[in-house]
There are 2 protein chains.
Amino acid sequence: MPPRMQALSFALFAHMKSSPQAVTMSSGVRPSVRMEEVARHAGVSPATVSRVLNDRGKCSAKTRERVLAAIRDLGYVANAAARSLAQGRTGSLGFLLPTVGTDFMSSFLQVVASAATQEGYDLLIALRSESSLHRMLGRHNTDGVLIFGAAMGEASLRRIAAEGFPALLVYRSSPPGLSLPSIVIDNEAGVREAIDHLVQVHGRHRIAFLRGPAGNEDAARREEAYRGALLRHGLPFDPRLCRGGLGAEEARASTIALLRDQAAFDAVVGWCDAASIGAMDALRSEGRRVPADVSVVGFDDIGPARHLDPALTTVRPPTELVGRLAVLELVRRIQGVATEPQARLPVELIVRRSCGCSG
Amino acid sequence: MPPRMQALSFALFAHMKSSPQAVTMSSGVRPSVRMEEVARHAGVSPATVSRVLNDRGKCSAKTRERVLAAIRDLGYVANAAARSLAQGRTGSLGFLLPTVGTDFMSSFLQVVASAATQEGYDLLIALRSESSLHRMLGRHNTDGVLIFGAAMGEASLRRIAAEGFPALLVYRSSPPGLSLPSIVIDNEAGVREAIDHLVQVHGRHRIAFLRGPAGNEDAARREEAYRGALLRHGLPFDPRLCRGGLGAEEARASTIALLRDQAAFDAVVGWCDAASIGAMDALRSEGRRVPADVSVVGFDDIGPARHLDPALTTVRPPTELVGRLAVLELVRRIQGVATEPQARLPVELIVRRSCGCSG
DNA sequence: TTGTATGCGTTATCAC
DNA sequence: GTGATAACGCATACAA
């Protein structure tokens with residue numbers, strides 16, 4: 001935010017804070033209509049209304065009609081808290097995630113949110129915050145939680161597992177000994193395929209890698225796979241070619257450092273698309289041509305990948321499937337059904353132009 | 001999803017569905033610890049525990065300690081439903097939005113989520129779904145709702161207003177007669193500045209516009225402003241230059257149509273960045289140079305905008321401010337404090353290279 | 001098929 | 001300061 005805007009924002013806040021216009025406390029806030037009122041209106045007992053609402057037990061079509069009419073007339077909406085208390089379930093899922101501000105996370109969240117709705121659950125989201133985490137736990141507030149990546153420390157995971165609270169890890173496997181169910185993708189196969197392609201199709205032999213954050217399991221697996229793939233092709237591992245690329249910024253910097261380093265390279269594999277995009281940016285600004293001089297491959301297939309110039313060749317995880325499966329499995333676990341301890345979903349190499357193909 | 005993957009997904013689902021490993025129903029699921037147990041453990045009454053938990057009324061530091069210790073030992077977490085029922089508040093905000101899958105929405109959601117956390121509220125998100133909307137209403141389930149753009153029909157808005165349920169519109173103004181509080185941005189000023197810049201600095205006189213979706217208020221305002229700005233500069237409005245550009249795809253198509261149409265133009269203003277990006281894409285693929293042949297300007301300043309080649313000149317709304325203010329105002333409204341009926345926040349023209357500047 | 005009564009876990013209003 | 005007790009609004013045996 002530029003200074004001027006910031007000043008403005010303070011002014012706005014201050015103004016509104018000190019706004020003296022008294023308090024409208026319960027001006028038009030009539031007490032919300034309860035079930036009892038609906039019952040009276042329909043000439044039945046509250047219990048009957050409850051049955052109609054939940055499709056429990058049989059009741060004559062006529063009373064059913066009357067009740068529904070009353071509900072409509074009065075604009076009745078059940079009090080979620082009371083219902084939860086009585087039923088012992090909240091009807092909502094928690095989703096713990098480190099951030100929603102990235103392309104990848106937002107599209108994943110989209111999938112999870114619609115899957116949750118489809119399964120009849122509300123979605124409560126919490127950004128890596130131990131406090132909101134706390135509230136979600138203890139068989140309260142939420143019927144179960146989806147935990148993305150490293151959004152939650154191992155200590156908390158341990159507690160969840162101990163309490164038997166329904167939880168499912170996504171894009172992260174269970175810490176040893178905990179046996180929390182999880183859904184991960186086949187990072188190894190993805191990177192292996194990518195590098196096989198670079199070596200076999202494009203004859204690349206000096207392949208650099210931009211590594212992800214330390215705590216990130218996917219990042220670690222992909223880096224491992226990178227080294228493994230080099231080995232399989234009999235290529236030496238050159239530490240100068242393996243640099244930090246957390247996001248586009250760092251990737252840009254690393255790529256420029258790579259160029260300055262004189263350590264010749266003819267391909268860059270980013271641990272994620274954002275990193276690869278940063279790399280392409282840097283290469284272009286330094287006068288290198290992609291893919292003529294350097295091939296670039298990413299991982300994630302975020303939205304912009306296909307619109308880059310050249311379009312980014314990248315490894316696509318089955319985001320849609322991961323999200324739907326995650327919600328489904330969590331719901332199943334909430335219902336007490338035993339589920340697979342771990343699902344490892346296959347990825348797919350999307351060949352576009354940044355590797356050198358003409359597709 | 002490619003066919004092979006789809007088949008696989010079915011296989012996975014089927015497998016898990018038919019998994020015969022019985023039911024773990026309440027295997028390690030011990031009944032959650034309640035307040036009463038904490039009370040016994042600490043040698044006090046439940047009422048005292050409640051006081052300690054909520055900092056209500058005075059109590060000796062010693063009992064306070066004992067209670068806190070008991071809570072820690074037993075890993076007690078308050079039951080949210082019971083608490084809500086007793087207090088008449090849920091401690092969560094609802095956020096109704098059409099989608100989270102776009103750059104713009106995800107960064108806005110990020111702001112809203114962290115603001116909510118900061119204000120001590122959980123965030124319940126609902127993707128344009130009348131059913132989840134329904135649950136959020138009626139003074140239940142959430143203490144108030146944030147409604148983004150056209151995420152909710154006017155009928156529902158009317159009901160909300162009638163019930164006096166705390167609600168705040170964001171990126172959309174209140175329908176006439178409803179007086180729901182709202183926070184909007186100054187679309188007019190943004191487009192006007194952009195077009196002034198194109199005309200005055202770059203001498204552009206044939207300016208095309210890519211219009212947004214019909215129901216979108218921002219889109220409508222921006223288009224109006226486009227026509228207004230042309231008028232002010234004495235430029236004719238040519239309907240052939242005003243085409244659909246909902247997203248990148250349509251924008252691409254429209255731009256190509258524009259070129260085929262022989263209706264000469266030297267600038268394109270997109271109603272949003274995604275549209276402008278699509279336009280740039282099309283221009284490039286058709287052999288036009290940006291900005292040499294055609295200037296391009298966007299609206300939103302989404303993340304990728306600055307990384308395009310050339311970097312996109314665009315109008316930036318104060319997303320951070322809008323989000324924080326929205327949460328703050330909603331909370332204030334929930335607390336019964338009268339708030340401004342409408343805030344119209346200023347935008348800023350971010351001049352980069354796609355307009356022709358060398359910045 | 002429908003109504004009555006009780007409990008869900010917490011907070012709040014009282015007495016003590 | 002602290003402890004009993006009555007709501008909070010709904011679901012669900014159980015009775016009718």
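What you see below is based on every heavy atom in this structure, not just the backbone, and it leaves out hydrogens, waters and symmetry mates.
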Is any side-chain nitrogen or oxygen of [X] closer than 4.0 Å to OP1 or OP2 of [N]?
{"X": "Thr48(B)", "N": "dG1(D)", "answer": "no"}
{"X": "Tyr76(A)", "N": "dC10(D)", "answer": "yes"}
{"X": "Ser84(B)", "N": "dT10(C)", "answer": "no"}

Are the side chains of Tyr121(B) and Ile334(B) in touch, meaning some heavy atoms are under 4.5 Å apart? yes

Rounded to 10°, the helix from dT1(C)-dA16(D) to dC16(C)-dG1(D) deviates from straight, judged by its five-pair end axes, by 30°

Whole angstrom value for the distance that separates [atom2] of [N] from [atom1] of [X]:
{"X": "Ile71(A)", "N": "dC10(D)", "atom1": "CD1", "atom2": "C1'", "answer": "13 Å"}
{"X": "Lys62(A)", "N": "dT2(C)", "atom1": "NZ", "atom2": "C1'", "answer": "14 Å"}
{"X": "Glu65(A)", "N": "dT1(C)", "atom1": "CD", "atom2": "P", "answer": "16 Å"}
{"X": "Leu85(A)", "N": "dA7(D)", "atom1": "CG", "atom2": "P", "answer": "17 Å"}
{"X": "Leu53(B)", "N": "dT11(C)", "atom1": "CG", "atom2": "P", "answer": "6 Å"}
{"X": "Asp55(A)", "N": "dC10(D)", "atom1": "CG", "atom2": "C1'", "answer": "16 Å"}
{"X": "Glu36(A)", "N": "dA5(C)", "atom1": "CD", "atom2": "P", "answer": "14 Å"}
{"X": "Arg89(B)", "N": "dG9(D)", "atom1": "CZ", "atom2": "P", "answer": "16 Å"}

Is a side-chain N or O of [X] found less than 3.5 angstrom from the main chain of [Y], in a donor-acceptor match?
{"X": "Arg56(B)", "Y": "Arg51(B)", "value": "no"}
{"X": "Asp143(A)", "Y": "Gly91(A)", "value": "yes"}
{"X": "Gln342(B)", "Y": "Ser182(B)", "value": "no"}
{"X": "Ser84(B)", "Y": "Arg89(B)", "value": "yes"}
{"X": "Ser174(A)", "Y": "Leu180(A)", "value": "yes"}
{"X": "Ser50(A)", "Y": "Pro46(A)", "value": "no"}

Nearest-nucleotide pick for [X], side chain only, options being [options]:
{"X": "Ser45(B)", "options": "dG3(D), dT1(C), dG1(D)", "result": "dG3(D)"}
{"X": "Arg83(B)", "options": "dT2(C), dT10(C), dT2(D)", "result": "dT10(C)"}
{"X": "Val44(A)", "options": "dT2(D), dG3(C), dT1(C)", "result": "dG3(C)"}

Looking at Glu329(B) and Arg333(B), is there a salt bridge between them, counting it only when a charged N and a carboxylate O are closer than 4.0 Å? no

Do the side chains of Asp55(A) and Arg64(A) get close enough for a salt bridge, i.e. N-O under 4.0 angstrom?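 Salt bridge present between Asp55(A) and Arg64(A).
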
What are the atom names and distances for every N/O pair under 3.5 Å that joins the protein to nucleotides 12-16 of chain C?
residue: dA12(C); atom: OP1; partner: Arg56(B); partner atom: NH2; Å: 3.3

Closest to the 5' end of DNA chain D, once Ala82(B) and Lys58(B) are matched to their nearest nucleotides, is Lys58(B)

Notebook entry, point to check: With a 4.0 Å cut-off on heavy atoms, is Val49(A) in touch with a base, just the backbone sugar-phosphate, or nothing at all?
Noted result: nothing

For this session: Measure up the Tyr171(B) and Phe148(B) rings against each other and bin them: parallel (under 30°), tilted (30 to 60°), perpendicular (over 60°).
Result: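 Judged by the thresholds at 30° and 60°, the geometry between Tyr171(B) and Phe148(B) is tilted.
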
